[in-house]
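These notes concern the structure reproduced below.
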There are 2 protein chains.
Amino acid sequence: MKQLKIKCWIEEDGEKFYGPGPHELLKQIQKEGSLSKAAEQMQMSYKKAWAIVQRLNQLSKEALVILKKGGQHGGGAEVSLYALEIMKEYDELQLKIQQLIEQEEKLLKVLK
Amino acid sequence: MKQLKIKCWIEEDGEKFYGPGPHELLKQIQKEGSLSKAAEQMQMSYKKAWAIVQRLNQLSKEALVILKKGGQHGGGAEVSLYALEIMKEYDELQLKIQQLIEQEEKLLKVLK
DNA sequence: AAGCGTTATGTATTTGTAAACATATCGGTA
DNA sequence: TACCGATATGTTTACAAATACATAACGCTT
């Protein structure tokens, strides 16, 4: 199956900041309420997921993920209201991109 | 500097076929008339460049790069007329994408 | 036939990334 | 205070991808 794909992301000084990976991770955190479970869902090591969250929080104006350790259930993770706004913006941009590439099928003719 | 980036590429069964890398390689081949020189320009190993050309030629309906070995100047490489068409299509798509993301600056506000 | 510059191709080495493993830390509950 | 489940973090291991190196093949020119 041949297809035209597009992805978009935000960069800060050439370093990737927010893209498909972090976006999906935030969605999983929102769903699971736990960073380790979110990582597991994405078949990603906890360490990598944790590093992504650190970068997201450090580079954005407000924290995107609130991490809590200890307590009744050992701790947990949740996305901030600010993160929800960004996720919405990103979803909307992706929709626009999707609409753009659906009109663009000429390039696919190159393949057998 | 913070910026929103988008890239697009063609996939065949999940395997990347034509994207920014191959596109730039074709441009360099057109300019240099040599695969080794094109690879050198891109600071890419000859072997990798050669592999990209193989995949491009094998998966497309017509050859995109014509390779010649031996002869007066030892051989050379040139892009086919068919390749020129594809390069033009790709450039036009990239232009459309560029126009799309220029209207979309809200997401960048997330960064410090 | 010898030389040249390029393509063609195999092997070895390096590099960078991701995962795996091992612990430490925290703060509720019982 | 002992336990639990999650976050926090360092070290080691495994794997994949890119590069580096070496050499063959080719065909035109002289």
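Only a predicted model underlies this, so the values are computations on that prediction, with no experimental measurement involved. Chain naming here is simple, since letters A, B, ... match the order of the sequence lines and numbering starts at 1 in each.
- Atom NE2 of A:His73 and atom C1' of D:dC4 are 11 Å apart (whole Å).
- If A:Gly70 and B:Gly76 are placed on DNA chain C by their nearest nucleotide, the residue sitting closer to the 5' end is B:Gly76.
- You'll find the side chain of A:Phe17 stays beyond 4.5 Å of the side chain of A:Gln58, heavy atoms only.
- Atom NZ of A:Lys16 and atom P of C:dT17 are 11 Å apart (whole Å).
- Look at A:Ser34 and you won't find any side-chain N or O under 4.0 angstrom from OP1 or OP2 of D:dA6.
- The NZ atom of A:Lys48 sits 12 Å away from the P atom of C:dA20 (whole-angstrom rounding).
- Backbone-only contact: A:Lys37 has heavy atoms under 4.0 Å from sugar-phosphate atoms and none from a base.
- The residues A:Lys96 and A:Glu92 are annotated as not salt-bridged, no charged nitrogen and carboxylate oxygen being separated by less than 4.0 angstrom.
- Note on A:Ser36: a side-chain N or O is less than 4.0 Å away from OP1 or OP2 of D:dT7.
- Rounding to whole angstrom units, NZ of residue B:Lys68 and C1' of C:dA8 are separated by 17 Å.
- Residue A:Trp50 places no side-chain N or O under 4.0 Å from the OP1 or OP2 atom of D:dT7.
- In this structure, NZ in B:Lys2 is found 9.5 Å from NZ in B:Lys109, a value given to the nearest 0.5 Å.
- Here D:dT7 presents its C1' atom at 14 Å from CD of A:Glu78, a figure rounded to the nearest Å.
- The distance between atom CE of A:Met44 and atom P of C:dT17, rounded to the nearest whole Å, is 15 Å.
- Judged by distance alone, with hydrogens and angles left aside, B:Lys47 brings a side-chain donor or acceptor within reach of the base of C:dT11, the pair sitting under 3.5 Å.
- Regarding B:Ile52, its CD1 atom lies at a distance of 16 Å from the C1' atom of C:dA8, rounded to whole Å.
- With rounding to whole Å, B:Glu32 atom CD is found 10 Å from C:dT6 atom P.
- Residue B:Lys69 has no polar side-chain atom (N or O) positioned under 4.0 Å from OP1 or OP2 of C:dA8.
- Looking at B:Gln103 and B:Gln99, their side chains never bring a donor and an acceptor atom within 3.5 Å of each other.
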